[in-house]
Amino acid sequence: MRHETSCKRLCLIGSTGSIGTQTLDIVAAHPDRYAVTVLCAGSNVNALTGQALRFRPRSVVIADDGKFNELKKNLEGTGIKVHAGAQALCEAVQRADVDMIVNATVGYSGLAPTIAAIGAGKDIALANKETLVVAGELIRRLLKSSPSRIYPIDSEHSAIAQCLAGEDTDSVRRLIITASGGPFRTWTTQQLEKATVADALHHPNWSMGAKITIDSATMLNKAFEIIEAHYLFNIPAERIVPMVHPQSIVHSMVEFADGAVKAQLGIPDMRLPIAYALGEGKRLAGASNPLTLPQMMQLTFSAPDTGKFPCLTFAETALKRGGNAACTINAANEVANLAFRQGKIPFNAIYTVVARTLDHEDFIEAPEYEDYVATNTSACRHAAEIVHDIAVKTIYAT
Ligand code: NDP
Ligand code: MG
């Protein structure tokens, strides 16, 4: 693929993942509009090599520096520069030959590149919601003194941005964030005790990376999205309402002061919100297939069941406490989510690990970047200890 300087030059973080590959689908379909200057992945050398040979970026970055030599060897003679490690990622987003960052890495690893991008005044198409969950207050503050803008890729937040286009944000009464309810929407609490990893990874409407699919099953994903919406749109937490909508056709809604409600509808296809973010709010013809009338004939809505999905309550806890609380919740969840996927703890224990870590962790009211780093490290350690306790008890109980 040719590298055009007349089109928007992207640094794509998380290129080998679900959002990353769909972003590259859009780039491949619109070489007149988009080119990739840098591709970055975590550790999947083979996938990154294949993408590099196809899209011909100037550089690639692999976060896992143990994979540097293998990647370098694969790309020998291509002229593509190879870098490795977290620092290289932060340098990549600041390059002069990059116009926009697509941040589609997973988890806490998205925070540092977002901050580096804001420092360099770059616009960001943000899929990595954990950036705003971990350090929303800091990001908001940094954005005030930077020309950078954040364009959300998360479908609900893209929907809200689409509803708010041309509107006065003072006239917003409520944001209504829809949720599919995940694979366990109709399960009982007793059934949830026996939920397997395969059950939890079987999302009814969306095909996504493993971590967010488990977050959707616990509904912590929706709690994260409330936090994300709070920081993106500057709306108080009590005016952001989650609503279960199993069809995933209405991607979210905005209720205005005059009683009007605007919604954005579409088939569940992330290429639409990705294209809308890449286009800075301009629509890309053919980004997704349109809805058909029968798909719109059965749209149902109900309140979420926080008894069955207690992780949803972490949104209120995080935003009421403020400070480093959401950073702690995110760190504990990253550990618990992975431990569940590795078969170490039962599904319902994900909530327990997060709640107990939150009880343990020191509260910092006005964290700076270093405090978030320290909180993340410490909360991951605490959460790992709690996981270990639960894992031992689970083995003895069976
Ligand atoms: P995936 O797990 O599919 O992909 C994650 C990507 O990040 C991979 O390319 C992975 O590389 C890379 N990566 C992992 N660790 C690092 C690191 N330390 N530094 C740089 N890159 C790294 O995740 P998704 O695409 O599903 O999700 C990405 C983000 O988008 C998440 O924050 C998620 O919540 C959000 N999101 C996703 C949606 C979806 O439909 N998938 C919808 C809405 C939001 P490697 O392959 O080498 O491991
Ligand atoms: Mg979402």
Side-chain angles (χ1 to χ4, degrees), residues 11-25 38-52 60-67 70-71 83-90 92-93 101-114 116 124-134 152-161 177-182 201 203 205-216 219-229 232 242 245 248 250-252 264 268-274 277 330 333-334 337-338 341 376:
C11 171
L12 172 54
I13 308 173
S15 63
T16 53
S18 163
I19 295 292
T21 51
Q22 293 180 84
T23 304
L24 288 177
D25 287 346
V38 192
L39 291 175
C40 313
S43 62
N44 190 339
V45 172
N46 287 342
L48 184 56
T49 301
Q51 291 180 339
V60 290
V61 182
I62 188 105
D64 177 352
D65 38 25
K67 300 281 173 74
E70 194 185 341
L71 185 60
H83 308 272
Q87 184 55 33
L89 207 65
C90 289
V93 302
I101 316 304
V102 182
N103 188 344
T105 181
V106 59
Y108 177 84
S109 68
L111 177 61
T114 304
I124 305 162
L126 186 69
N128 180 262
K129 66 190 81 184
E130 293 91 340
T131 288
L132 290 169
V133 172
V134 170
I153 285 181
D154 213 348
S155 58
E156 295 77 2
H157 305 76
S158 175
I160 291 168
I177 300 200
T178 51
S180 69
L201 285 175
H203 195 282
N205 304 343
W206 298 96
S207 165
M208 310 180 284
K211 193 252 177 189
I212 185 178
T213 306
I214 301 300
D215 287 346
S216 300
M219 291 197 78
L220 188 51
N221 182 52
K222 215 41 62 179
F224 284 170
E225 290 183 353
I226 291 172
I227 299 170
E228 184 185 7
L232 280 173
H245 167 53
S248 295
V250 175
H251 295 306
S252 278
Q264 186 255 326
D269 181 348
M270 286 307 294
R271 285 172 307 175
L272 191 150
I274 295 170
N330 178 71
N333 177 57
E334 287 193 24
N337 180 312
L338 181 63
R341 278 184 275 148
N376 183 62

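One-based numbering, in listed order, for ligands and for the atoms of each. The first residue in the sequence is number 1, and the count goes up from there. The figures that follow rest on heavy atoms only: side chains count, while hydrogens, waters and symmetry mates do not.
- For Ser207, no nitrogen or oxygen atom sits less than 3.5 Å from a nitrogen or oxygen atom of ligand 1, counting backbone and side chain alike.
- Here the heavy atom of the protein found nearest to atom 34 (O) of ligand 1 is Lys129 CE, 3.3 Å.
- Of the charged side-chain nitrogens involved, at least one lies within less than 4.0 Å of a carboxylate oxygen, so that Lys211 and Glu130 count as a salt-bridged pair.
- Judged by distance alone, with hydrogens and angles left aside, the side-chain atoms of Glu334 form a donor-acceptor pair with the main-chain N or O of Tyr108 at under 3.5 Å.
- In the vicinity of Thr16, heavy-atom distances shorter than 4.0 Å reach the ligand 1 atoms 8 (C), 9 (O), 10 (C), 11 (O), 45 (P), 46 (O), 47 (O).
- Tested against Thr114, the residues Leu126, Val93, Val134, Leu132 include a single side chain to side chain contact (heavy atoms under 4.5 Å, CB included) partner, Leu126.
- Taking every heavy atom of Ile212 and a limit of under 4.0 angstrom, the matching atoms of ligand 1 come to 26 (O), 33 (C), 34 (O), 36 (N), 37 (C), 38 (C), 42 (C), 43 (C), 44 (C).
- Not a single donor-acceptor pair under 3.5 Å links the side chain of His157 to the backbone N or O of Glu228.
- Considering backbone and side-chain atoms together, Gly17 places an N or O closer than 3.5 Å to an N or O of ligand 1.
- Considering backbone and side-chain atoms alike, Asp154 places every N or O at 3.5 Å or more from each N or O of ligand 1.
- Within the model, atoms CD1 of Ile13 and CD1 of Ile101 stand 6.0 Å from one another, a figure rounded to the nearest 0.5 Å.
- Side-chain contact between Glu70 and Thr49: absent, with no pair of heavy atoms (C-beta onward) separated by less than 4.5 Å.
- Side chain of Asp154 to backbone of Glu156: no donor-acceptor contact under 3.5 angstrom is found.
- Scanning Gly14, Gly209, Gly42 for the heavy atom closest to atom 1 (P) of ligand 1 points to Gly209.
- Protein heavy atom nearest atom 32 (O) of ligand 1, with residue, atom name and distance: Glu130 OE1, 2.6 Å.
- Gln51 contributes a side-chain N or O that, together with a main-chain N or O of Ser15, makes up a donor-acceptor pair within less than 3.5 Å.
- No side-chain donor-acceptor contact under 3.5 Å links Thr16 and Asn44.
- For ligand 1, the polar-atom distance check against Cys40 finds no nitrogen or oxygen pair separated by under 3.5 Å.
- By the 4.0 Å heavy-atom criterion, Ser15 is counted among the residues contacting ligand 1.
- Angle subtended at the Mg ion (ligand 2) by Glu225 OE2 and Glu156 OE1: 100°, rounded to 10 degrees.
- For ligand 1 and Ala127, the ligand atoms under 4.0 Å from any heavy atom of the residue are 30 (O), 32 (O), 35 (C), 36 (N), 44 (C).
- Contact annotation: for Lys211 versus ligand 1, there are no heavy atoms closer than 4.0 Å.
- From the protein, the heavy atom lying nearest to atom 41 (N) of ligand 1 is Ser18 OG, 3.1 Å.
- For atom 42 (C) of ligand 1, the nearest protein heavy atom (residue, atom name, distance) is Met270 CE, 3.7 Å.
- The backbone N or O of Thr131 sits less than 3.5 Å from a side-chain atom of Asn128, completing a donor-acceptor pair.
- Summarising the contacts of atom 29 (C) of ligand 1 with Thr21, Ile19, Thr105, the nearest heavy atom is found in Thr105.
- Checked by atom type and distance alone, the side chain of Thr105 never pairs as donor or acceptor with a backbone atom of Gly14 at under 3.5 Å.
- The distance criterion of under 3.5 Å between nitrogen or oxygen atoms is met by Ser43 with respect to ligand 1.
- The side chain of Ser109, and not its backbone, has at least one atom closer than 4.0 Å to an atom of ligand 1 (non-hydrogen atoms only; side chain from C-beta on).
- Residue contacts with ligand 1, taken as heavy atom pairs separated by less than 4.0 Å, involve Met208 via backbone and side-chain atoms alike.
- No donor-acceptor distance shorter than 3.5 angstrom exists from the side chain of Lys222 to the backbone of Ser180, with no hydrogens or angles considered.
- In Ala104, the part holding a heavy atom less than 4.0 Å from any atom of ligand 1 is the backbone.
- Scanning the protein heavy atoms around atom 19 (N) of ligand 1, the nearest turns out to be Ala63 CB, 3.3 Å.
- When each of Val250, Leu272, Ile160 is tested with Gln264 by the rule side chain to side chain contact (heavy atoms under 4.5 Å, CB included), just one qualifies, namely Leu272.
- Restricting Asp154 to its N, O or S atoms, the one at the least distance from the Mg ion (ligand 2) is OD1.
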